[in-house]
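Within every chain, numbering begins at 1; the chains are lettered A, B, ... in the order of the sequence lines, protein sequences first and strands thereafter. Computed from a predicted structure; not experimentally measured.
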Protein chains: 2
Amino acid sequence: MDMPVRTSEDVDLDRLSTALGFLMRLAQLKIYERFFEEVGEHHLKPGEFSVLWVILHNPGIRQSVLGQRLMIKRAHMTKLIRALEDQGLVTRQVPDDDRRAVEITLTPAAADKIRQASHWFFTYEDSVGENLTRDERQQLTGLLRKFVGID
Amino acid sequence: MDMPVRTSEDVDLDRLSTALGFLMRLAQLKIYERFFEEVGEHHLKPGEFSVLWVILHNPGIRQSVLGQRLMIKRAHMTKLIRALEDQGLVTRQVPDDDRRAVEITLTPAAADKIRQASHWFFTYEDSVGENLTRDERQQLTGLLRKFVGID
DNA sequence: TGGAGATTGTTTCCTTGTAAACAAATTTTT
DNA sequence: AAAAATTTGTTTACAAGGAAACAATCTCCA
């Protein structure tokens, strides 16, 4: 009797269940989904927050550098920055030594806003991976850091 | 002299560099980007492949179950399945015991195609994480499995 | 039994992100 | 110094994926 599976627990993933790329995609989707359950829509989205956070800590950073570090494509970065500019959160300035580039800085109002937002953002981030032990979580973070080449 | 950063290595991520969600997003983007460099456009995309692979191993699986396991939303699943159907790779059948549902099966031609595609797919998957040691890679895979709740 | 409510898939509209072509500025080559 | 190639950001056109509303079916319970 060859019953088709009816519940997601019974699904046979075969080799897919050890494929690193596949697992990473699943993990990322899970995190993202939970983010919107917990944090809701009221706030900045994770992408926007990380852009602003990095500008806060690297005032005058150039769009291209920001994009490289956060893996955001140039075309998309243009839109992100413009949206932030429209909200009065960042200012764009073309530097004298390279007039193709654009340097980004937070407005004073934005700097405050980010520092506030960082509270719930990192509260959420700290809650990610609660089904792991403290050690496992630390291991995972370390391995991911090495994997993506940070530090 | 407060020089703005000029290279992505110099970017100060502050607490972001240990935030699990952030690292996971970066890792996933890195994998995805490399996928297209190495595998090119000629083949199935990772999402399509995983759907077909799971159908191969779970014939007659229902769209909803497939979506739950692969974390694909219903609306998107509908489009994915229709695209595969248009390519003659899957067939849809409404089962008698629940006429809302749709059961998916591979066509014989598709089954062959997937078995071939699995060669390059898993070759790529095996190459992911080559900057880690064998042990680290294994650890990472295990932690991710636990994190996403597989096994 | 007969609603009330839940589930399943679909459609429509919208958001997010990418690819490709482009213009302007800079760097490299010759 | 002039020409060629590269970098940076922008625009435009498109693809991937999600939210909400909907119709059909099924389940539960009064």
Taking the minimum atom-to-atom distance to the side chain of D98(A), which one of dA19(C), dA20(D), dA25(C) wins?
dA25(C)
To the side chain of A101(B), which of dT10(D), dG9(D), dG9(C) is closest?
dG9(C)
Rounding to a whole Å, what distance do you find between [X]:[atom1] and [N]:[atom2]?
| X | N | atom1 | atom2 | result |
| --- | --- | --- | --- | --- |
| I61(B) | dG9(C) | CD1 | P | 11 Å |
| I81(A) | dT10(D) | CD1 | P | 9 Å |
| L80(A) | dT16(C) | CG | C1' | 9 Å |
| I104(B) | dT8(C) | CD1 | P | 14 Å |
| K73(B) | dT12(C) | NZ | P | 21 Å |
| E85(A) | dG9(D) | CD | C1' | 13 Å |
| L66(A) | dT8(D) | CG | C1' | 14 Å |
| R74(A) | dA24(C) | CZ | P | 17 Å |

Answer with yes or no after comparing the ring centroid distance for W53(A) and F22(B) against a 6.0 Å cut-off, counting only values under it.
no
Separation between NZ (K30(B)) and CZ (R25(B)), nearest 0.5 Å, reads 15.0 Å
For [N], does OP1 or OP2 lie under 4.0 Å from any side-chain N or O of [X]?
| X | N | result |
| --- | --- | --- |
| T78(B) | dT11(C) | no |
| R82(A) | dT11(D) | yes |
| K45(B) | dA16(D) | yes |

5'-most by nearest nucleotide on DNA chain D - R92(A) or P95(B)
R92(A)
Flag the pair M24(B) / L144(A) as yes when at least one side-chain heavy-atom distance between them is below 4.5 Å, and no otherwise.
yes
More 5' along DNA chain C: Q63(B) or R25(B), using each one's nearest nucleotide?
Q63(B)
Quiz question: by atom type and distance under 3.5 Å, do the side chains of S127(A) and R34(A) form a donor-acceptor pair?
yes
Between the side-chain atoms of K79(A) and the base atoms of dG9(D), is any donor-acceptor pair under 3.5 Å?
no
Does a distance-only test, which skips hydrogens and angles, find a donor-acceptor pair under 3.5 Å between the side chain of R100(A) and the base of dT7(D)?
yes
Parallel, tilted or perpendicular for Y124(B) and F35(B), by the 30°/60° rule?
perpendicular
Once you apply a heavy-atom cut-off of 4.0 Å, does A75(B) come out as touching a base, just sugar-phosphate, or nothing?
base
Regarding R99(A), tell me which of base, sugar-phosphate or nothing describes its non-hydrogen contacts under 4.0 Å with the strands shown.
sugar-phosphate
